[in-house]
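Note on naming: letters A, B, ... go to the chains in the order of the sequence lines (proteins, then strands), and numbering restarts at 1 for each one.
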Amino acid sequence: MSERYNFAATETKWQEFWEQNQSFKAVTDTSRPKYYALSMLPYPSGRIHMGHVRNYTLGDVVARYKRAMGFNVLHPMGWDAFGLPAENAARDRKTHPATWTYDNIKNMKAELKSMGLSLDWDRELATCDVTYYKHQQKLFLDFLKANLVYRKEAWANWDPVDNTVLANEQVIDGRGWRSGALVEKRLLSQWFFKITDYSEELLQALGTLDRWPDKVRLMQENWIGKSEGAYVNFPVTGRDEKVEVFTTRPDTLFGASFVAISANHALAKELATKDAKLAEFCAECNRTGTSIVAIEQGEKLGFDTGVTVSHPFDPAWKVPVYVANFVLVEYGTGAIFGCPAHDQRDLDFARKYGLPVKPVVLPEGEDPATFTVGDVAYTGEGKAFNSKYFDGLGTDAAIKAAIKKVEELGVGKGTVQYRLRDWCISRQRYWGCPIPIIHCETCGAVPVPDKDLPVELPTDITLDKPGNPLDHHPTWKHVNCPTCGKPARRETDTCDTFVDSSWYYARYCSADNADEPVSRADMDYWMPVDQYVGGVEHAILHLLYSRFFTRAMKATGYIGIDEPFTGLFTQGMVCHESYKDEDGQWLYPEEVKRNADGSGVHATTGRPVTIGRIEVMSKSKKNVVDPGQIIRAYGADTARLFMLSDSPPERDIEWSEAGVEGAWRYVSRLWRSVTEPKIALETTLPAALGEKALALRQTIHRTIAELTNDIERFHFNRAVARVRELSNALDTLDGSDAGEGAVLREGLETLVRLLNPMLPHITEELWAQLGHKTPLVKGAWPKADPALLVETTVTIAVQVNGKIRATLTLPKDADAKAAEAAALADDGVKRAMAGKATKKIIVVPNKIVNIVVV
RNA sequence: GCGGGUAUGGCGGAAUUGGUAGACGCGCUGGAUUUAGGUUCCAGUGAUGAAAGUCGUGGGGGUUCAAGUCCCUUUACCCGCACCA
């Protein structure tokens, strides 16, 4: 009996070997094909969690596999290190955000290293490091010059807990994405990136991202939210001005019965100055925003301004103007015309305020004389009626005709709207990249000259006062204007942390360039990222911003491509059972002991425990398992194998003790199968192999072919199943057949090589034990011998009336007649046919014979 | 409300283009080795039936020689967006 596999010693040994040999250092080499494998960079919270283990295992399998396939692989790692949690932690622990952050990075880096990831740590970056953010400031200034950045006063989403504004993408169900606080509307001066310049391009290019999940592309498409329609003007009665509305249904203009404007529309604000009740109504709308109350109650509220407007097609036709809570100032023109018959919201509104409901689109099969709308608007297509110019036209034709008509009459024009709005990047926080701008009373917003970069964060700050620590700082913001020299003040807003992560993938490629954000030669070689792996929660925010950034970097000459990530894989989350004690308090898995009957008790007190649902691991529910503990108990290879087994990578995985045990058992079995082979390994294959030995060689080579295909397609769970099948097959060798010792060696070596991307440590060790001097990290991927993939016999099924009655083993490509004859000769088949007349026989070569009888 | 997805043994999940449903693993049952447990090894494991067989991929219907796979319909759950005019 040999010793148990000592994973701790082996894993340390090989991690040191890789480090000493710089096995994963990526060097630009234009003579070799490159492969850029990237996993999303983590936020340095202090500890890695199982989600990281899964993400980085998947990315590492790709990196190691592609390396073996001969690619020059870039596989870097870094830290998304700015952000509010560091400020909060620093305040609570009376330390500095930088101290907290760099301590966390140190810890997490050690944990990541224990996973045996094939990362080029020489390219490591931290976004909070001035060596990183100084380049970001340069990019900001270049984007500013390229007219892709601007400052404007705008209604911003204010998070009252984090004391900062948020981008639209960061408001989820009316709450801040991080704090969960109800977001308020505030009018503030903010910096914006002009992502909307690329609305159409970002939308169109989704079609080229064929290695992205459809789901993510669809989410981005919906987020960009293109809609085609028209602007139409309604002249205000008794004034020389118009209310401009946006509509996608200009064909329903003859059904208009009111115009509704947002509480923040210019006209509403003007009227409110003379009408206290209206002012109160508008204030109410802003307090509740257009979010929570409105969503929960769905109540349409309006305020009749007393003002009327003329219909664009008929000056004599007056409709009232309401201020309405459901009209968004940010979308379209902040004004709509209401057509109650064909829009549910407008109908609800009209019924509440007693406005006319006039149908102008006739559904198929309805009689124009009798068709009426009750409580349900007709929003579908139909024939226009009651509509003068458009009567009789189908909806699509009527829309086109209406746009033409409003343009002819000079009362509007066809247009395209996008839901996507410019990206607000200002954050009123300390721990972020300072926006390199100086505000001067005479010169305005002046860019910090390149020679004065970087604008560094001050280190002496106070975090215990509400508001922006940069703004509180006694001296930092007071500087002289670079243009006129007069006293001025720095911009105290810092960048949204999504800016940091929008270009880090490019920076990795030129990590040692101290003078420029990136070098063009590196961009041209390494970019784009060939395979990006991360969580689906970044489907919109991070990925859309990065797509914009790459285009902005192209516009400013840094890069020659549009799309940063040609391949994207979004992995599922890691779940675990959750537990509660009698008092309803959450318990950690290690606090719970399972009884034989499946019930649970507290491990130390023995009191009953309620076993809850299987849910995504989260600290708040305590259903977490610490990867560090697992790696210490079972080793990184076992943890990696568990992550790859069973569940398809895109689906959620349930972490279970039994599953880890299973993975560990296989690792141990692999160890034994090489170190204590049942029959002696031989190095040379004899010229003639026995039947069984030959069949096994075929299995070996088929496994190579199929597993390679599985890895290419991200079917890692199937890849694991295939190596286990190969293990099972090799176990059947018992030395009874000629050449088995040599076949077993070939099988074990293949097994070890195929498993190397998944289990990098044990496979290196076993490879060395098998007598190889060159480590697997330098080795090539096994190739299947085509001659051994050719099957000589096939098993075909025989059906009678579609029911399986027998299986036959026949030579491959046997002709149909032979297959038919063999099928009819089978006893089981004869019994099933029971002398009935044969109507038809279908023969699918190498697959099936189906005999149809009556 | 709109959009998308999923549904297969006790469990996680396999199954090119319609062509032997349940690979592989977990769990479970029985046995062997062993020292007490674990480990390891062997056998079994969709349901039903003595067997032949019959039934079986959320439910119902259809197309086909043949359906987990295609079509219609329905239910449940998950995800995204949510007054976007």
Side-chain angles (χ1 to χ4, degrees), chain A residues 1 4 172-174 213-223 225-227 229 245-250 252 260 290-291 294-295 298-300 324-328 330-339 342-346 348-349 417-421 536-537 539-540 614 641-642 645-648 650-654 656-666 668-669 672 709 713 715 717-728 731 795-808 828 831-832 839-853:
Chain A
M1 188 82 174
R4 238 159 92 109
I172 294 149
D173 292 339
D214 290 343
K215 177 185 165 155
V216 174
R217 291 195 287 179
L218 191 68
M219 280 165 76
Q220 293 215 352
E221 187 183 323
N222 291 339
W223 190 263
K226 181 178 182 174
S227 59
V245 306
F246 172 70
T247 178
T248 56
R249 292 293 300 273
T252 64
T290 44
S291 54
I295 285 167
E299 192 178 3
K300 313 273 177 286
N325 69 339
F326 66 93
V327 181
L328 304 168
E330 311 94 331
Y331 191 75
T333 59
I336 61 158
F337 81 85
C339 176
H342 305 293
D343 183 288
Q344 193 59 47
R345 291 160 303 177
D346 296 346
D348 295 345
F349 193 83
Q417 279 288 322
Y418 299 90
R419 201 183 82 116
L420 181 68
R421 274 164 266 150
V536 73
E537 64 273 22
I540 293 170
I614 294 161
L641 182 61
F642 177 90
S645 308
D646 296 349
S647 292
E650 69 277 9
R651 230 180 280 182
D652 287 353
I653 190 171
E654 192 205 340
S656 71
E657 194 63 22
V660 189
E661 291 282 352
W664 165 245
R665 270 203 296 278
Y666 183 73
S668 310
R669 178 181 169 194
R672 283 193 309 274
N709 187 31
R713 299 201 290 169
H715 292 162
N717 56 322
R718 289 207 304 214
V720 171
R722 293 205 200 281
V723 289
R724 299 185 99 124
E725 276 178 301
L726 181 55
S727 278
N728 292 345
D731 269 2
T795 307
I796 67 166
V798 183
Q799 299 180 336
V800 177
N801 282 354
K803 290 198 165 129
I804 300 292
R805 298 297 174 185
T807 57
L808 303 173
R831 199 181 321 129
K839 191 177 157 197
K840 189 167 161 191
I841 299 181
I842 293 114
V843 181
V844 180
N846 303 323
K847 288 251 163 80
I848 208 161
V849 176
N850 190 7
I851 301 162
V852 186
V853 296

Both distances below 3.5 Å, Watson-Crick or wobble geometry, any strand: find the nucleotide opposite U17(B).
none
Taking U20(B) as the reference, what is the distance to C71(B) when you measure between their C1' atoms (whole Å, please)?
25 Å
Applying a 4.0 Å non-hydrogen cut-off, can you work out what L218(A) is touching in the nucleic acid: base, sugar-phosphate, or nothing?
sugar-phosphate
Output yes when at least one side-chain N/O atom of T248(A) is less than 4.0 Å from OP1 or OP2 of C84(B), else no.
no
Within the 4.0 Å heavy-atom criterion, would you say V852(A) contacts the bases, only the backbone, or no part of the nucleic acid?
sugar-phosphate
Taking any heavy-atom pair under 4.0 Å as a contact, classify E725(A): base, sugar-phosphate, or nothing.
sugar-phosphate
In whole Å, I'd like the distance from the CG atom of D348(A) to the C1' atom of C83(B).
10 Å
Distance check: side-chain N/O of R665(A) vs OP1/OP2 of C26(B), anything under 4.0 Å?
yes
Sorted by position of nearest nucleotide on RNA chain B, 5' first, the leading residue of D731(A) and G334(A) is D731(A)
Checking contacts here: which listed nucleotide (G19(B), A21(B), A82(B)) is nearest the side-chain heavy atoms of I804(A)?
A21(B)
Can you measure I653(A) atom CD1 to C26(B) atom P for me and round it to whole angstrom units?
14 Å
Under 4.0 Å, counting only non-hydrogen atoms across every strand here, what does T807(A) touch: a base, just sugar-phosphate, or nothing?
base
Select one nucleotide: of U39(B), A14(B), A82(B), the one nearest the side-chain heavy atoms of R419(A).
A82(B)
Applying a 4.0 Å non-hydrogen cut-off, can you work out what K847(A) is touching in the nucleic acid: base, sugar-phosphate, or nothing?
base
Can you tell me the base-pairing partner of A76(B)? Count Watson-Crick or G-U wobble geometry only, both distances below 3.5 Å, and say none if there is no partner.
U6(B)
With the side chain counted from C-beta on, respond yes when D731(A) and R669(A) share a heavy-atom pair under 4.5 Å apart, and no when they do not.
yes
Whole-Å distance between C41(B) C1' and N728(A) CG?
13 Å
Look up atom CZ in F642(A) and atom CD in E657(A), then write down how far apart they are to the nearest 0.5 Å.
9.5 Å
Donor on one side chain, acceptor on other, S645(A) and Y666(A), under 3.5 Å
no
C70(B) -> Watson-Crick or G-U wobble partner, both distances under 3.5 Å, gives G62(B)
Please report the distance separating the C1' of G56(B) from the corresponding atom of A21(B), rounded so that it comes out in whole Å.
9 Å
If we take the C1' atom in both U73(B) and U63(B), what is their distance in whole Å?
15 Å
Sticking with atom C1', work out how far U39(B) lies from A52(B), rounded to a whole angstrom.
43 Å
U20(B), U17(B), C24(B): which one has an atom nearest the side-chain heavy atoms of T795(A)?
U20(B)
Is any side-chain N of the basic residue among D214(A) and R217(A) closer than 4.0 Å to the acidic one's carboxylate O?
yes
Quick one: which of A85(B), A23(B), G80(B) gets closest to the side chain of A721(A)?
A23(B)
When the nearest nucleotide of RNA chain B is assigned to V720(A) and to R345(A) on a heavy-atom basis, which residue is associated with the more 5' position?
V720(A)
Reported NE2-to-CD distance for the pair H715(A) and E650(A), which is rounded to 0.5 angstrom
6.5 Å
If you check the N325(A) side chain, which of G53(B), C83(B), A85(B) turns out closest?
C83(B)
Taking 4.0 Å as the cut-off, does a side-chain nitrogen or oxygen of N717(A) come that near to OP1 or OP2 on A14(B)?
yes
Check: U20(B) base within 3.5 Å donor-acceptor of K803(A) side chain
no
Please determine whether a side-chain nitrogen of the Lys or Arg among D346(A) and R249(A) lies less than 4.0 Å from a carboxylate oxygen of the Asp or Glu.
no
Can you check the I848(A) CD1 to U64(B) C1' distance for me, whole Å?
13 Å
Can you check the distance between G10(B) and U48(B), where both ends of the measurement are the P atom (answer in whole Å)?
10 Å
Gap between atoms CZ and P, on R805(A) and G19(B) respectively (whole Å)
20 Å
Could you tell me which non-hydrogen atom of N222(A) sits nearest to which non-hydrogen atom of R419(A), and how far apart they are?
O-NE, 3.7 Å
Whole-angstrom distance between G19(B) and C26(B), as gauged at atom C1'
31 Å
Counterpart residues, side chain to side chain contact (heavy atoms under 4.5 Å, CB included), relative to K847(A) (two or more places apart)
V844(A)
Below 4.0 angstrom from OP1 or OP2 of U39(B), is there any side-chain N or O of R669(A)?
no
For G49(B), what is the paired nucleotide under Watson-Crick or G-U wobble rules, both distances under 3.5 Å?
none
Out of C41(B), A85(B), G3(B), which has the shortest distance to the side chain of N222(A)?
G3(B)
Checking all strands, does D343(A) fall into the base, sugar-phosphate, or nothing category for heavy-atom contacts under 4.0 angstrom?
nothing
Looking only at atom P, what distance separates U8(B) and G60(B), rounded to whole Å?
15 Å
Using Watson-Crick geometry (N1-N3 plus N6-O4 or O6-N4) or G-U wobble (N1-O2, O6-N3), each under 3.5 Å, G44(B) is paired with C28(B)
Check the chi torsion on G37(B) and let me know: syn if it falls within 90° of 0, anti if not.
anti
Out of C84(B), C65(B), G13(B), whichever nucleotide has its closest atom nearest the side chain of R651(A):
G13(B)
Atom pair distance, as rounded to whole Å: CZ in F337(A) and P in A85(B)
12 Å
Proximal nucleotide (of C84(B), C65(B), G3(B)) relative to the K840(A) side chain
C65(B)
Value for CG (N801(A)) from CD (Q799(A)), rounded to nearest 0.5 Å, stands at 9.5 Å
As an exercise, state the distance from CG of N846(A) to OG1 of T795(A), rounded to the nearest 0.5 Å.
10.5 Å
Value in whole Å for how far the P atom of A23(B) lies from CG of L726(A):
18 Å
Rounded distance in Å between the C1' positions of A7(B) and G13(B):
13 Å
Is there a Watson-Crick or G-U wobble partner for C81(B) with both distances under 3.5 Å, and which nucleotide is it?
G1(B)
Regarding the side chain of S647(A), the nearest nucleotide among C65(B), C26(B), G12(B) is G12(B)
Length of the line joining H715(A):NE2 and C24(B):C1', which is rounded to integer Å:
15 Å
Do the side chain of K839(A) and the base of C65(B) come within less than 3.5 angstrom through a donor-acceptor pair of N or O atoms?
no
Out of G19(B), G13(B), G27(B), whichever nucleotide has its closest atom nearest the side chain of A658(A)
G27(B)
